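Comments concern the structure below.
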Amino acid sequence: MRVHVAYERDGSIVALAEIEENPTGGVACRPLPGDGQTVAEADVPGEFTDLPLSQLLSSLRVSEGPEGVQFIST
């Protein structure tokens with residue numbers, strides 16, 4: 001599952017929105033960053049894809065590295 005993620009400088013997740021591969025005329029959502037926040041696209045690790053987005057907020061953090069933005073378990 002690929003998502004838009006808004007996060008703080010410390011890696012804490014503020015908001016998530018799933019990216020649909022082939023939207024069927026629906027409305028797409030994307031978080032807007034606040035002051036000091038960043039928005040990026042990232043893949044949710046396989047072991048977390050069955051969880052609701054609301055639970056991912058407390059289960060994952062963002063890590064920025066040479067490979068781009070990735071999620072790490074809290």
Side-chain angles (χ1 to χ4, degrees):
M1 169 177 30
R2 192 148 180 87
V3 296
H4 292 290
V5 56
Y7 60 97
E8 302 279 356
R9 289 185 182 108
D10 66 0
S12 59
I13 299 172
V14 177
L16 292 167
E18 187 172 356
I19 300 171
E20 293 189 33
E21 293 290 326
N22 295 310
T24 56
V27 177
C29 297
R30 181 178 177 168
L32 296 175
D35 290 338
Q37 298 174 347
T38 303
V39 172
E41 290 185 20
D43 291 309
V44 174
E47 62 269 26
F48 294 95
T49 56
D50 290 334
L51 297 177
L53 292 178
S54 60
Q55 194 169 346
L56 295 178
L57 293 171
S58 60
S59 300
L60 298 171
R61 298 180 67 73
V62 171
S63 174
E64 295 177 339
E67 307 264 330
V69 171
Q70 297 178 338
F71 289 109
I72 55 174
S73 181
T74 55

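Since we're looking at a predicted model, the values are computed, not measured.
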query = Should we say atom CD of Glu47 is surrounded by more than 12 heavy atoms from elsewhere, each under 6.0 Å from it?
reply = yes
remark   = For Glu41, the side-chain hydrogen bond (donor to acceptor under 3.5 Å, both in side chains) test, sequence neighbours excluded, returns Arg2
ask   = In chain order, what residues pass the side-chain hydrogen bond (donor to acceptor under 3.5 Å, both in side chains) check against Gln55, with sequence neighbours excluded?
value = none
Over all atoms of both residues, closest heavy-atom pair of Glu8 and Gly36 = OE1-O, 4.1 Å
request  = Might you point out which heavy atoms bring Pro31 and Val39 nearest each other, and give the distance in Å?
outcome  = O-CG2, 3.4 Å
query = Quick one: hydrophobic cluster around Val3, which other residues, with the 4.5 Å side-chain cut-off, linked directly or via members?
reply = Met1, Val5, Tyr7, Ile13, Leu16, Val44, Phe48, Leu51, Leu53, Leu56, Leu57, Leu60, Val62, Val69, Phe71
key: Gln37 side, atom CD; Leu32 side, atom CG - distance, nearest 0.5 Å   = 10.0 Å
key: Sidechain-backbone polar pair: Arg61 side chain, Asp10 backbone, donor-acceptor under 3.5 Å   = yes
